[in-house]
Amino acid sequence: MYFPENIKFLRKRRRLSQADLAAQLGLTRTTLAGYEKNIQPPFRVLIKFAEFFNLSIDALVRYDIQALSEFQLSQIEDGFDIDVTGKKLRLLTISVNSEGKENIEMVPVKAQAGYTSSYGDLDFIGSLDKFSLPFLPKDKTYRTFQIQGDSMLPVPEGSWVTCSYVQDWTNIREGTPCIIVTQDEGVVFKLVYKQLDQNRTFLLVSTNRDYKPYEFPVKKVVEVWKFETYNRFEIGGE
């Protein structure tokens with residue numbers, strides 16, 4: 001149970017005294033001091049702490065927040081809902097076949113605007129065309145996106161890029177080609193360079209040098225998928 005250590009650590013990270021935090025939570029300083037010394041708070045108080053620090057009750061109680069990286073802590077402070085175990089940054093919605101095996105969903109160009117707002121909607125994901133690639137390792141989750149433009153040659157426009165889901169963005173190797181699902185720009189296919197410690201951005205680079213690299217804030221990134229292979233087949237008249 002890490003609750004006492006966690007609230008003390010998070011309080012100091014925000015440069016709050018016990019009196020400051022107690023006042024914001026509607027507690028007395030003595031009561032807060034007791035919680036930091038391992039007195040068990042009632043559930044309603046746990047909710048107050050969770051809402052104030054933008055963490056789930058489970059995270060506050062069960063995980064050592066001090067073990068998180070600076071990037072993960074900054075993600076919490078920027079309002080992201082992350083898994084504090086560090087194993088994933090997003091909750092991924094998938095579909096399975098009749099045998100319980102994960103499908104590879106296909107996201108055509110015409111569905112990408114909807115995908116950026118409905119990626120967590122099981123009905124939307126279930127409505128996408130699906131296929132399988134038996135040669136891919138079974139220990140990953142895959143999705144296929146149709147790309148637009150010629151910025152990532154030699155992968156031609158209209159190709160279907162199959163990618164594996166990236167659970168922890170801090171593990172992306174520099175220059176890895178990825179599908180980046182964003183809030184503002186939709187689905188983009190670029191080489192990714194991390195600038196997480198410097199300014200919390202990804203540097204997105206095209207293989208076609210006619211396109212200039214640009215920085216994109218990670219707080220506007222929804223999902224990251226690592227390139228595995230691509231195909232040129234036609235689906236549904238695309």
Side-chain angles (χ1 to χ4, degrees), residues 54 69 71-83 86-94 104-125 127-129 140-153 155-230 238:
N54 195 35
S69 68
F71 173 65
Q72 290 170 315
L73 287 167
S74 68
Q75 289 278 283
I76 293 172
E77 291 165 348
D78 283 346
F80 284 109
D81 178 17
I82 73 165
D83 175 5
K87 295 179 181 177
K88 59 186 178 182
L89 292 173
R90 299 293 183 274
L91 177 64
L92 182 65
T93 300
I94 61 171
I104 301 178
E105 296 87 7
M106 306 180 70
V107 186
V109 169
K110 66 180 182 180
Q112 288 177 8
Y115 184 87
T116 58
S117 60
S118 302
Y119 59 90
D121 186 331
L122 184 57
D123 290 336
F124 176 83
I125 296 301
S127 71
L128 298 171
D129 287 321
K140 298 179 181 179
T141 294
Y142 301 95
R143 193 152 292 167
T144 296
F145 299 84
Q146 189 179 31
I147 63 169
Q148 303 182 69
D150 62 353
S151 66
M152 288 296 284
L153 296 174
V155 181
E157 181 175 11
S159 296
W160 294 83
V161 175
T162 298
C163 305
S164 57
Y165 184 62
V166 179
Q167 294 183 314
D168 187 342
W169 301 349
T170 62
N171 289 333
I172 300 172
R173 292 186 177 182
E174 303 289 22
T176 297
C178 294
I179 287 286
I180 306 293
V181 182
T182 75
Q183 296 174 0
D184 297 335
E185 296 193 9
V187 175
V188 296
F189 182 38
K190 300 292 179 185
L191 305 179
V192 175
Y193 294 85
K194 296 175 293 185
Q195 301 181 150
L196 305 178
D197 294 333
Q198 302 96 310
N199 55 13
R200 301 179 191 175
T201 66
F202 288 137
L203 180 65
L204 302 183
V205 179
S206 302
T207 54
N208 184 342
R209 298 309 177 186
D210 290 338
Y211 296 84
K212 294 182 178 180
Y214 62 97
E215 295 180 342
F216 197 87
V218 294
K219 67 181 180 180
K220 293 186 177 182
V221 174
V222 175
E223 293 176 346
V224 179
W225 298 81
K226 175 180 172 292
F227 173 81
E228 299 286 347
T229 186
Y230 76 93
E238 285 294 319

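The basis for the numbers below is simple: all heavy atoms, side chains too, and nothing from hydrogens, waters or symmetry mates.
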Heavy-atom pair of closest approach, residues [X] and [Y]:
X: Pro156; Y: Ser159; value: O-OG, 2.8 Å
X: Arg143; Y: Ile94; value: NH2-CA, 4.0 Å
X: Trp169; Y: Val222; value: CZ2-O, 4.0 Å
X: Thr116; Y: Gly186; value: CG2-CA, 3.6 Å
X: Thr170; Y: Lys194; value: O-NZ, 2.8 Å
X: Val166; Y: Ile172; value: CG1-CG1, 3.9 Å

If only side-chain N and O atoms count, and only distance matters, is there a donor-acceptor pair under 3.5 Å linking Thr162 with Thr144? yes

Between Gln195 and Glu215, does any side-chain donor sit less than 3.5 Å from a side-chain acceptor? yes

Pairwise side-chain contact, [X] with [Y], heavy-atom cut-off 4.5 Å (strictly under):
X: Val155; Y: Ile147; answer: yes
X: Ile125; Y: Ser127; answer: no
X: Pro108; Y: Trp160; answer: yes
X: Ile179; Y: Val187; answer: yes
X: Gln112; Y: Val107; answer: yes

Roughly how far, to the nearest 0.5 Å, is the [atom2] atom of [Y] from the [atom1] atom of [X]?
X: Ser164; Y: Trp225; atom1: OG; atom2: CH2; result: 8.5 Å
X: Leu191; Y: Leu204; atom1: CG; atom2: CG; result: 9.0 Å
X: Met152; Y: Thr207; atom1: CE; atom2: OG1; result: 4.5 Å

side-chain contact (heavy atoms from CB on, under 4.5 Å) with Lys190: which of Tyr214, Phe227, Phe202? Tyr214

Can you say whether the rings of Phe124 and Tyr115 are parallel (under 30°), tilted (30 to 60°) or perpendicular (over 60°)? tilted

Under 4.0 Å between a side-chain nitrogen and a carboxylate oxygen: does that hold for Lys140 and Glu228? yes

